[in-house]
Protein chains: 14
Amino acid sequence: MDSMTWIAVTSIVIAGITTGFGTMGPALAEGRAVATALTSIAQQPDASPTITRTLFVGLAMIESTAIYCFVVSMILIFANPFWNHAIAQATGN
Amino acid sequence: MDSMTWIAVTSIVIAGITTGFGTMGPALAEGRAVATALTSIAQQPDASPTITRTLFVGLAMIESTAIYCFVVSMILIFANPFWNHAIAQATGN
Amino acid sequence: MDSMTWIAVTSIVIAGITTGFGTMGPALAEGRAVATALTSIAQQPDASPTITRTLFVGLAMIESTAIYCFVVSMILIFANPFWNHAIAQATGN
Amino acid sequence: MDSMTWIAVTSIVIAGITTGFGTMGPALAEGRAVATALTSIAQQPDASPTITRTLFVGLAMIESTAIYCFVVSMILIFANPFWNHAIAQATGN
Amino acid sequence: MDSMTWIAVTSIVIAGITTGFGTMGPALAEGRAVATALTSIAQQPDASPTITRTLFVGLAMIESTAIYCFVVSMILIFANPFWNHAIAQATGN
Amino acid sequence: MDSMTWIAVTSIVIAGITTGFGTMGPALAEGRAVATALTSIAQQPDASPTITRTLFVGLAMIESTAIYCFVVSMILIFANPFWNHAIAQATGN
Amino acid sequence: MDSMTWIAVTSIVIAGITTGFGTMGPALAEGRAVATALTSIAQQPDASPTITRTLFVGLAMIESTAIYCFVVSMILIFANPFWNHAIAQATGN
Amino acid sequence: MDSMTWIAVTSIVIAGITTGFGTMGPALAEGRAVATALTSIAQQPDASPTITRTLFVGLAMIESTAIYCFVVSMILIFANPFWNHAIAQATGN
Amino acid sequence: MDSMTWIAVTSIVIAGITTGFGTMGPALAEGRAVATALTSIAQQPDASPTITRTLFVGLAMIESTAIYCFVVSMILIFANPFWNHAIAQATGN
Amino acid sequence: MDSMTWIAVTSIVIAGITTGFGTMGPALAEGRAVATALTSIAQQPDASPTITRTLFVGLAMIESTAIYCFVVSMILIFANPFWNHAIAQATGN
Amino acid sequence: MDSMTWIAVTSIVIAGITTGFGTMGPALAEGRAVATALTSIAQQPDASPTITRTLFVGLAMIESTAIYCFVVSMILIFANPFWNHAIAQATGN
Amino acid sequence: MDSMTWIAVTSIVIAGITTGFGTMGPALAEGRAVATALTSIAQQPDASPTITRTLFVGLAMIESTAIYCFVVSMILIFANPFWNHAIAQATGN
Amino acid sequence: MDSMTWIAVTSIVIAGITTGFGTMGPALAEGRAVATALTSIAQQPDASPTITRTLFVGLAMIESTAIYCFVVSMILIFANPFWNHAIAQATGN
Amino acid sequence: MDSMTWIAVTSIVIAGITTGFGTMGPALAEGRAVATALTSIAQQPDASPTITRTLFVGLAMIESTAIYCFVVSMILIFANPFWNHAIAQATGN
């Protein structure tokens, strides 16, 4: 395996793992937040606007951690500086 | 194993693992959200429209993390830039 | 082991693992949703139509993550682009 | 080990693992669903027809994930396209 | 190790693991179902016929997943197509 | 290591592991079932005949999964078709 | 390492592991059963004969799974057919 | 693999893992904080300003640990001193 | 490493592991049983003779699984048939 | 791989892991502390100044452990004595 | 590494592991037993003689499993038959 | 890799791991202590001086274990006797 | 690596692991015992002499298992018979 | 790698691991003890002197296990008999 293949292979592996595992935490956390929102609404229907507003702010912050992972994956697949350097070096050679 | 085979093999492996494990979290989270929705409806049947509406918004956000994983898998199988580069290099050679 | 065998072997391995492990999460989540539906019906028999309707929508969304896994497995076994490319290359040679 | 043996061996391994581990989730989920059905019946004997009906629908959906695993195992043992290709190639040679 | 030995060895390994681990889930699930049945009978002795009937249906469905594992083990030991092919090839040679 | 030794060694390993780990699930499940039976009797002494009858049926079904494991172990030690084939081949040679 | 040593070594390893790990499940299960028996007696002293009788039947069934493991260990150490075959072959040679 | 490839590969791997796993803890912690905020609002709607204010301060501190991970990933991809040294050495050579 | 050393080394390893890990389950189980006995006595001091009697029977049965492990360890260290055979062979040679 | 590459590679790996995993504990701990603060405010709104003050002191101490990890990562990337020694040795050579 | 070193090394390793891990279970079990004894005394101060007596008997039995581990460690370090045999063979040679 | 590189590499690895993992326990413990302090203040506002005083003493003791880890890391990076010996030997050579 | 180095290295490794992991169980157990003692005193201040006495006896027994581990570590570092034998052999040679 | 390097490397590794992991248990245990002390004071403010006294005795005993680990680390780094012997041998040579 030459250098470019190594970089390609590890980029593929890590892009998949980062998204695959990194979304596990946010998914579970969002599930928990949604679940408590529902019980809270059932318990106090009058406070549902405050609850849903707080819920959406919270979901946005939790989703942000999932998006960090997705961004890293996309950078590794489509804007990988090490890969670009390797291609530049290969064509420049 | 030459370079193309390595890239093909790791793409297959990671496509499967990303979807296989990455959907575990969302599935459990959705199960939890649905379960609480049901208990909430049973506890407060009058609030069922608010509850189901909040539930569907929440499920959509949780499902989004599962879709990130599925998208990464599909990119790795059908729109893999490293594979395309390798094919281009092989045919151009 | 030549290239084709490597691709065949990893396709088999990942097809099995993706389905075998990827259905674990949805199964547990569905079990949880069904279980809560039953307790909710027992607790509030009058709301059973709303409960079963919400349950089926929820089960459909959870099942969708299991189906992502099954779809990836089937793609890897029966519509694998890397395998098709390898066969094309082998016969074209 | 030649190519055919590799394919045979991995098919055997993955067929076993997919069924052996993939049925763990559904079994636990069904156990949970059945358990809650029983407590629900004990708590609200009058609702037992609704409960058992919902239980059977739910068990069917959970069982479906176990059946995905079993189907993948059977495909790998008895209708494996990679194995068929290998045999065709071996006899055609 | 020649091809036949590899196939024999992996068949033995997977037959044991599939049964050994695949029965763990069903056993725990059945234990849970039986346990809840007993508490339900103690709580509502009048509903014991409905409870035991639902219990037996549920145990049958859970046991079915254990039987999938046992069937795969038996197929791998006594009706293994890869082994049969290997023997046919060895004797036909 | 020749072929026969490989088969003997893996048979020994898998026979032990299948029984050693496969009985863990049933043991825990039986412990749970017995424990609940005892609390149920303490809670509702009048229903003890129904409880013990249901308990014994349940224990029998749980024990069956332990027996699958033991049967596979015994088959691998005393009625192993791969071993028999290897001996036949060795003596027939 | 010759064949006999391999068989001896794996027999020793598996005999120990089967007993060492296989007794873990039964021990925990018996601990649970005994613990519940004690709380049940404390809760309902009049039902102590029924409770202790059910307890002993249950302990016997749980102990049986521990004994399967011990039996397999003893077979592997003192009545190992593969070892006997190897000795027979060695002396008969 | 030469030195530069090793550095590139490990930078890719660690950038992915640090973000992928390092966001798991913060995501779960934020989910927990949001969930408790919602139950607290439902329980004491009058205190919702204090609660949301404390929640946002807490989320900011938890998010800070996720941002440490993201910062380390970005440093490793775009401002890696070891990579810069290697490039400098390569071009200077 | 010659054969005798292999047998000695694995005997030492397995003797330690069997006792070291095999006593973990019984210890935890006994701790649980003793703990419940104490709460039961505190809850129902009049039933303390029955409780302690049942406790001692139960501890004896749990201890038996720890003793199986200790017996296997002692057999492997002091009455190991494979070792005896190896010594006999070495001296008889 | 020469010495400098080894040091660079391990510094990258450990810098990522230390931050990635080391922030997991603090994140979860802060989530727990914030969550309890919210329930405490909801339960006793009058004590909210004391609660938020104690919360911030506690968060500061927990955050300190996350900062230890971040500091170690930064030292390894930007002020690594082993790397400096290696560079000094390389240039001095 | 010659035979004696192998035996010495594995004896050291296993002696440490057996004690290090084997005392984990008893320690936790004793902690549990002592904890329950304290709550029981607080709940029923009059029964403290019976409780402490039962506690000490129980602690003795749990401690016995820790002592099995310690005994095996001491045997492996100071009365190891395999080591004695190796020394005898070395000096007798 | 020569000796100095080995020592440098392992020092880097262990310095990171000791801090990264060793602060996990203290962080969680402090989170727990702070959380209980908050609930205690909410429950008994009059005792808040005693509670905060005890909390700070406790946090100090828990933090001490995190500081042991940090100290070991710093010793390994900046005052490593093995590294100093290696440098002395290298320069003295 | 010669024999003495192997023995030294494994002695170091095992001495650390035995103490490092072996004190985990006792620490947790003592934490539990102390925690329950405190709740018991809070619940029944009059019984505090009996409680603290029983607590100290229990802590002594739990600490004894931690001391077994520490003793084994000290024996391996300062009174290791295998090391002494190796030194004797080396100097006597 | 020569002998001295091996001993240095393993000493570094084990010193870090022993402290890094060995302080995890005590930290969690102290967190638990402090947490219960706080709830106990909140529940029974009058008993706070007894509680804090018992707490400090308990913390001291738990801290002792953390100190065993720290002592072993320090011995391995600064008073390692195997390292001293190796240096003596190296200089004496």
Side-chain angles (χ1 to χ4, degrees), chain C residues 1-46 48-49 51-52 55-56 59-60 62-63 65-67 69-70 73-74 77-80 83 87 90, chain D residues 1-4 6-7 9-11 13-37 39-44 46-47 50-51 53-55 57-59 61-66 68-69 71-73 75-76 80-83 85-86 89:
Chain C
M1 243 162 73
D2 60 345
S3 286
M4 289 196 62
T5 315
W6 263 106
I7 294 178
V9 161
T10 51
S11 299
I12 292 171
V13 168
I14 292 300
I17 284 177
T18 306
T19 298
F21 286 89
T23 58
M24 213 177 266
L28 292 174
E30 292 182 0
R32 184 173 191 171
V34 171
T36 353
L38 295 173
T39 39
S40 301
I41 290 173
Q43 188 185 338
Q44 195 82 5
D46 300 339
S48 70
I51 289 171
T52 52
L55 173 69
F56 292 157
L59 286 180
I62 299 169
E63 189 78 14
T65 64
I67 287 175
C69 296
F70 193 60
S73 287
M74 289 298 107
I77 295 182
F78 293 116
N80 195 328
W83 173 254
I87 286 189
Chain D
M1 241 162 74
D2 60 345
S3 287
M4 289 196 63
W6 264 106
I7 294 179
V9 161
T10 50
S11 299
V13 168
I14 292 300
I17 284 177
T18 306
T19 299
F21 286 89
T23 58
M24 211 177 267
L28 292 173
E30 291 182 1
R32 183 172 192 172
V34 170
T36 354
T39 39
S40 300
I41 290 174
Q43 187 185 340
Q44 196 82 4
D46 300 338
T50 323
I51 288 171
R53 204 181 51 225
T54 313
L55 174 68
V57 172
L59 286 180
M61 284 208 72
I62 298 170
E63 189 78 14
S64 77
T65 64
Y68 291 167
C69 297
V71 163
V72 169
S73 287
I75 287 175
L76 289 179
N80 194 328
F82 304 106
W83 173 254
H85 179 268
Q89 209 177 37

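Lettering follows sequence order; numbering is per chain, from 1.
The OG1 atom of D/Thr10 lies 11.5 Å from the CD1 atom of C/Ile14; values are rounded to the nearest 0.5 Å.
Residue with the most contacts toward chain D among C/Leu38, C/Val34, C/Ile51, C/Ile17: C/Leu38 (heavy-atom pairs, distance under 4.5 Å). When the candidates C/Cys69, C/Ala37, C/Ala27, C/Ala29 are compared by the number of heavy-atom contacts under 4.5 Å with chain D, C/Ala27 comes out ahead. Note on C/Gln43, C/Met24, C/Met74, C/Glu30: by heavy-atom pairs under 4.5 Å with chain D, the leading option is C/Glu30.
C/Leu55 touches chain D through its side chain: at least one heavy atom from C-beta onward sits under 4.5 Å away, while N, CA, C and O do not. Contacts between D/Leu59 and chain C at a heavy-atom distance below 4.5 Å are absent for every atom of the residue. Only the side chain of D/Leu76 comes within less than 4.5 Å of a heavy atom of chain C; its backbone N, CA, C and O stay farther away. For chain C, no part of D/Asp46 is nearby; none of its heavy atoms comes within less than 4.5 Å. No part of C/Ile7 comes within reach of chain D, as not one of its non-hydrogen atoms sits under 4.5 angstrom from that chain. For C/Thr19, the parts lying near chain D are the backbone and the side chain together; criterion is any non-hydrogen pair under 4.5 Å. Interface remark: C/Glu63 contributes side-chain atoms only to the contact with chain D (heavy atom separation under 4.5 Å).
Using a 4.5 Å cut-off on side-chain heavy atoms (C-beta onward), C/Thr52 and D/Arg53 make no contact. No side-chain heavy atom of C/Val9 sits under 4.5 Å from any side-chain heavy atom of D/Phe82. Using a 4.5 Å heavy-atom threshold, the side chains of D/Val13 and C/Ile12 count as separate.
The closest side-chain donor-acceptor pair between D/Ser3 and C/Thr5 falls under 3.5 angstrom.
Shown here are the side chain to side chain contact (heavy atoms under 4.5 Å, CB included) partners of D/Thr39, two or more places apart in sequence or in another chain: D/Thr36, E/Thr36, E/Ser40.
Ring planes of D/Tyr68 and C/Phe70: parallel class, angle under 30° (limits at 30 and 60°).
The shortest non-hydrogen separation linking D/Thr65 to C/Ala66 is CG2-CB, 4.3 Å.
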